[in-house]
S.K.: 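Have a look at this one before I ask anything.
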Amino acid sequence: MGSASLIMQHRVVPLVTACLCCFMSTAHAETKLALRDCIDIALRNQPAIRAAQESLSAGRGRVTQARSPYFPQVTASTGYSESHAAGGAFGESVTKSYATTLSLNQLIYDFGRTGNALDAAQAGLRSTEWDMDRVVQEVVMNVKQAYYGLLKAEKLLTVAQKTRDQAESHLKQAQAFFKAGSKPRFDVTQAEVEVNSAKLDVINAENNLRLSKIALNNAMGVPHGAAIEIEDVLGAPVEAPTLDQAQADALKNRPELLRAEADIQSAEARVKAARSDYLPTISANGSYSWTHGTTDIGTFEGVPLIGNIGNSWNAGVTLSVPLFEGWMTRGKVSEAHANLLVLEAQRDSQKQSILLEVNQAYADLESASARVNVMESSLQKARENLDLAQGRYKAGIGPYIEVTDAQVAEVKAETDHVQALYDYQLAVARLFKAMGLGKE
């Protein structure tokens, strides 16, 4: 069950990467960004994603390094050498040579040392892959939180603007009643205070909206100046799983747990690799030298003794047996085994933390769902009370303080309702992230 398919009701045509910036700056008036669009933008642009991708590339490099002993190690060298030796039977000996040498060394068998090192590197690569999955889920979660935060800010601005318009309307009524002599001057001054307060609330709401847009742009990894318009999904219903299903999915899908298992597999392979240091290694080696030079060892009865140096080659098989290393191998094995036990303990602790997180997220979702229903009922009642109070005041049978109290209650109910919707969507997002399904 994908969280995106449950939350989103409509989708915009996917954005083309090459036209992303142009789209956001010129097409926002015609097309609103859906949540999925914002997530896709973040996955293309967030620096955290790029850093995770480079870490993954580094992991692949470590696998290549660990595999390299299986292949021949070939080296080539070339150079010139000259040596002089005095005191020989025939006088000074001089050797001059130009040599080019090609050497080859091939590991034949090392009793699992290379194989275990390769297993450790491959498990480490899987660990890095799961860590990237974790980073992706965190980026998606940040986008969702900023997306819902922007919707919340837009709705609260609408509430503030409506409250200001109501306050200005009340002021006009109070002024008209005061001129007609049916209401005291107090009603006018009270209405003026309400208008000023409502205008200030609008300013604060506009500032909060601007900051919320910056937060969403930041979560997507795009410039803060980019204009943005998004779809309203704050009230979209979501089908939540059962608590048992949520816990089972978390233990199966959470990248932190899967990474911990990969780290344990890597540590187990490192223990085996360390133990392999007790065992011998067998390797083959050979080289061929192309040499051009002479050796002058002096003269004998007036005849120069000069010999030419020719090409040469050698080959062999070597068995290396570790006899005593000052207990270094024992220390390596002890360290590797201790690291394995640490990782296993951390895995168990991580599992407990994840189950706690799932239960907390599930409880938050239940609470938020209940508050949405309560706030919807409260908002309906508050609007009815405000209509009654305004009607009584217009009819001249109700005091202005009654209108003021009803308006305050209605604004609070509107604000609480918006907050409940925001908390509900955020609780859904956190639950799916806790279940390991937070990439959508």
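The basis for the numbers below is simple: all heavy atoms, side chains too, and nothing from hydrogens, waters or symmetry mates.
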S.K.: My understanding is that only one of Gln145, Glu357, Gln425 makes a side chain to side chain contact (heavy atoms under 4.5 Å, CB included) with Arg430; could you say which?
M.R.: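 When side chain to side chain contact (heavy atoms under 4.5 Å, CB included) is applied between Arg430 and each of Gln145, Glu357, Gln425, only Gln145 qualifies.
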S.K.: What residue among Ser283, Pro69, Pro72 forms side chain to side chain contact (heavy atoms under 4.5 Å, CB included) with Gln106?
M.R.: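 The passing option is Pro72.
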S.K.: Val333 versus Tyr278: any side-chain heavy-atom pair under 4.5 Å?
M.R.: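 Yes, at least one pair of side-chain atoms sits under 4.5 Å.
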S.K.: Salt-bridged, Arg383 to Asp387, with N to O below 4.0 Å?
M.R.: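 A salt bridge is absent here (no side-chain N lies under 4.0 Å from a carboxylate O).
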S.K.: CH2 of Trp313: more than 12 outside heavy atoms within 6.0 angstrom?
M.R.: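 No, because the 6.0 Å sphere around CH2 of Trp313 holds 12 heavy atoms or fewer from other groups.
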S.K.: Do we see a donor-acceptor contact under 3.5 Å between the side chains of Glu82 and Thr95?
M.R.: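 There is no such pair (donor and acceptor under 3.5 Å, judged by atom type) between the side chains of Glu82 and Thr95.
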S.K.: Using distance alone, with no hydrogens and no angle criterion, decide if Ser127 and Asp263 have a side-chain donor and acceptor under 3.5 Å apart.
M.R.: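 The answer is yes; a qualifying pair exists.
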S.K.: Can you measure from CG (Leu426) to CG (Leu431) and round to the nearest 0.5 angstrom?
M.R.: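 Reported value, rounded in 0.5 Å steps: 11.5 Å.
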S.K.: Decide yes or no on ring pair (Phe, Tyr, Trp, His ring centres under 6.0 Å) for Tyr98 and Tyr80, but give the supporting numbers first.
M.R.: CA-CA 5 Å; Tyr98 296 89; Tyr80 168 80; 4.7 Å; yes
S.K.: State, yes or no, whether a side-chain contact exists between Glu256 and Asp131 at a heavy-atom distance under 4.5 Å.
M.R.: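 The answer is no, as the side chains (C-beta and beyond) never meet within the 4.5 Å cut-off.
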S.K.: May I ask you to say whether Glu268 pairs ionically with Lys272, meaning some side-chain N is under 4.0 Å from a carboxylate O?
M.R.: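 Salt bridge between Glu268 and Lys272, a charged N being under 4.0 Å from a carboxylate O: no.
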S.K.: Does a side-chain heavy-atom distance below 4.5 Å link Leu279 with Asp110?
M.R.: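 When only atoms from C-beta onward are counted, Asp110 and Leu279 do not touch, as no gap falls below 4.5 Å.
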S.K.: Going from CZ on Arg270 to CG on Leu343, what distance comes out if it is rounded to the nearest 0.5 angstrom?
M.R.: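 It comes to 7.0 Å.
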S.K.: What distance do Leu216 atom CG and Lys144 atom NZ have between them, rounded to the nearest 0.5 Å?
M.R.: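 NZ of Lys144 is found 13.5 Å from CG of Leu216.
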S.K.: Once rounded to the nearest 0.5 Å, what's the spacing between atom CD1 of Ile230 and atom CG of Leu35?
M.R.: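 That separation rounds to 8.5 Å.
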S.K.: Answer with yes or no after comparing the ring centroid distance for Tyr422 and Tyr424 against a 6.0 Å cut-off, counting only values under it.
M.R.: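 Aromatic pair excluded; centres sit 6.0 Å or further apart.
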